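Before any comments, here is the structure.
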Amino acid sequence: MVLWIIQILLAAIFGGIGVVKLTQPKEKLHETMGWTKAATPIQVKAIGALELLAAIGLVLPALTSIATVLTPLAALGLVIIMIGGIVVHLHGVRTETEAQRRKVEIQGIVTCLVLLVLAALVAWGRFGPYSF
């Protein structure tokens with residue numbers, strides 16, 4: 001039951017963020033996602049698409065009992081995306097000189113780390129002892 005709650009939570013978070021990245025112009029995303037300044041519009045859209053697909057993969061296969069192996073694979077994909085997010089935020093901490101910007105980047109690192117741990121828990125559980 002706990003894994004289901006985490007899966008739904010992750011699906012809601014990444015589904016929402018994925019849709020935002022896919023539908024909003026890159027310039028508008030700068031306000032809340034400073035890292036997008038260093039990314040191309042195609043990179044931002046690709047990350048958004050991957051996040052949205054992972055959100056669907058966390059829930060839909062398990063609900064339909066079709067290709068349930070996709071659920072832990074989607075969680076593993078989110079782990080990889082969050083590792084990339086941590087790297088991007090670490091680079092932002094090193095290159096920025098403003099104290100406020102560093103605070104925002106550190107918050108981004110913590111957020112990515114929490115989401116990474118949750119996604120890793122789902123991947124471990126669904127690949128292992130709590131598979132479908």
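Fair warning: this is a prediction, and the values are worked out from it, not measured in the lab.
Heavy-atom minimum distance, A67 versus P61: O-CB, 3.5 Å. Counting all heavy atoms, side chain and backbone alike, A11 lies closest to A55 at O-CB, 3.4 Å. Scanning both residues, V79 and A120, for their nearest heavy atoms gives CG2-N, 3.5 Å. The shortest heavy-atom contact between A74 and G57 is CB-C, 3.7 Å. The two residues L3 and G125 come nearest to each other via the heavy atoms CD1-CA, 3.8 Å. When every heavy atom of A119 is checked against every heavy atom of A75, the shortest pair comes out as O-CB, 3.4 Å.
Alongside F127, the hydrophobic cluster contains V69, L70, L73, L76 (criterion: ILVMFWY side chains under 4.5 Å). Clustering of Ile, Leu, Val, Met, Phe, Trp and Tyr by side-chain heavy atoms under 4.5 Å joins I66 with none of the others.
Put simply, F14 and V114 are part of the same group of oily side chains (I, L, V, M, F, W, Y) that touch within less than 4.5 Å, one to the next. W4 and W124 fall within a single hydrophobic cluster, where Ile, Leu, Val, Met, Phe, Trp and Tyr side chains are chained together by heavy-atom contacts under 4.5 Å. No continuous path of ILVMFWY side-chain contacts below 4.5 Å connects I17 to L52, so the two sit in separate hydrophobic clusters. A single hydrophobic cluster is seen to contain both I8 and L63, as judged by linkage of ILVMFWY side chains at heavy-atom distances under 4.5 Å, directly or through other members. Using a 4.5 Å cut-off between side-chain heavy atoms of Ile, Leu, Val, Met, Phe, Trp and Tyr, with links allowed through other members, M33 and V88 fall into the same hydrophobic cluster.
In this structure, I86 CD1 and I81 CD1 are separated by 12.5 Å, a value rounded to the nearest 0.5 Å. Taken from CD1 in I6 to CG in L115, the straight-line distance is 11.5 Å, to the nearest 0.5 Å. In this structure, the separation between SG on C112 and CD on E105 is 9.5 Å, given to the nearest 0.5 Å. Atom CG in L22 sits 9.5 Å away from atom CG in L50 (nearest 0.5 Å). In this structure, the separation between CG on L58 and CG on L53 is 11.0 Å, given to the nearest 0.5 Å. Atom OG in S131 sits 8.5 Å away from atom CZ in R126 (nearest 0.5 Å).
Residues L60 and T64 form a side-chain contact, since some pair of their non-hydrogen atoms from C-beta on lies under 4.5 Å apart. Looking at T71 and V59, their side chains never come closer than 4.5 Å, going by heavy atoms from C-beta outward. Counting heavy atoms from C-beta outward, Y130 and V2 have side chains that stay 4.5 Å or more apart.
Formation of a donor-acceptor pair under 3.5 Å by the Q24 side chain with backbone atoms of L29 is not found in this model. Remark: the backbone N or O of V44 is not paired with any side-chain donor or acceptor of K21 at under 3.5 angstrom.
A side-chain hydrogen bond (donor to acceptor under 3.5 Å, both in side chains) with T36 is found for one member of Q43, K26, H30 and no other, namely H30.
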